[in-house]
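Residue numbers run from 1 in the order of the sequence given. As the structure lists them, so they are numbered: ligands from 1, and atoms in each ligand from 1.
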Amino acid sequence: MPKLTILKYPDPRLHKIARPVENVNDSVRQLIDDMAETMYAAPGIGLAASQVDQHLEIIVLDVSEERDNLRVLINPRITKAEGKAKREEGCLSVPGIYDEIERAECITVDALDRNGKPFTLQADGLLAVCIQHEMDHLKGKVFVEYLSSMKQNRIRTKLKKQARQAA
Ligand code: NI
């Protein structure tokens, strides 16, 4: 069983703004471990702390085929963004919904690792998409909010119905 419960859109808690981690301590590392376990169990390729109702700037990702390349980004900041690329996205908070979103093609990100050590990451392709998607969660934004309001209404109705049926 996954350790943490993933909030489902349109839960208003998904719109809270995360705050930076001030001190990368053992409780932050415990949260990271729980988030990674929850992401792998889902299964998903990325999870932001916002999605498990912890409003700190922490994301975990693994876009590898083998599921053995966990990346942890604390307090991520995009310092450079180039190009545009459109790719189909999904989200563990919006189950069963996939749509094309346009984002920067290549990004450079500064962040802290699980030991609080700063690092810089250059990303393109799926990794770049995933980082931008998860960073949006930290700002309280879910990917479906890039879609037309008609589509968003349809998605909200569908997910509310799913939640009722699951209850
Ligand atoms: Ni997501």
Side-chain angles (χ1 to χ4, degrees), residues 1-21 28 31-65 67 69-78 81 84-107 109 111-112 114 121 123-163 166:
M1 276 294 283
K3 286 200 154 181
L4 305 169
T5 303
I6 299 174
L7 300 178
K8 298 292 190 298
Y9 182 82
D11 191 310
R13 290 172 291 180
L14 285 169
H15 303 304
K16 286 191 186 175
I17 313 281
R19 58 183 192 281
V21 174
V28 168
L31 173 59
I32 289 166
D33 291 343
D34 292 346
M35 284 172 60
E37 193 183 327
T38 304
M39 174 188 77
Y40 284 119
I45 60 171
L47 188 70
S50 315
Q51 291 177 274
V52 293
D53 203 22
Q54 297 291 320
H55 302 280
L56 290 167
E57 291 184 3
I58 302 170
I59 65 181
V60 295
L61 322 146
D62 189 344
V63 298
S64 70
E65 288 282 329
R67 317 284 289 147
N69 188 14
L70 179 67
R71 293 172 190 270
V72 175
L73 282 79
I74 301 172
N75 301 347
R77 297 287 179 272
I78 292 175
K84 292 264 174 258
K86 234 181 186 182
R87 215 180 169 107
E88 188 171 77
E89 296 185 22
C91 179
L92 293 175
S93 293
V94 198
I97 305 291
Y98 301 88
D99 215 319
E100 282 200 331
I101 306 292
E102 187 178 86
R103 298 194 187 267
E105 189 176 16
C106 303
I107 54 170
V109 192
L112 303 177
R114 60 178 290 130
L121 177 66
D124 59 11
L126 181 58
L127 181 59
V129 169
C130 195
I131 291 171
Q132 292 173 84
H133 175 118
E134 301 311 332
M135 284 183 70
D136 273 351
H137 278 301
L138 302 180
K139 291 175 233 150
K141 185 159 184 168
V142 179
F143 85 103
V144 295
E145 289 165 66
Y146 289 104
L147 305 174
S148 69
S149 53
M150 199 179 75
K151 273 188 179 177
Q152 288 184 51
N153 282 333
R154 214 183 300 148
I155 291 165
R156 272 195 294 271
T157 306
K158 189 175 167 185
L159 288 180
K160 280 179 187 165
K161 194 173 156 199
Q162 274 176 14

Presence of salt bridge, D99 and R87, under 4.0 angstrom = no

Modelled atom types, side-chain donor and acceptor of R156 and Y9, under 3.5 Å | yes

Taking the side chain as every heavy atom from C-beta outward, state whether P76 and L138 have any atom pair closer than 4.5 Å.
-> yes

Would you call D11 and K8 a salt bridge, taking side-chain N to carboxylate O under 4.0 Å as the test?
-> no

Please list, in chain and residue-number order, the protein N/O/S atoms closer than 2.8 Å to the Ni ion (ligand 1).
-> C91 SG, H133 NE2, H137 NE2

Going by an N to O cut-off under 4.0 Å, is there a salt bridge joining D34 and K3?
-> yes

What residues, two or more places apart in sequence or in another chain, satisfy side chain to side chain contact (heavy atoms under 4.5 Å, CB included) together with P20?
-> E57, N75, R77

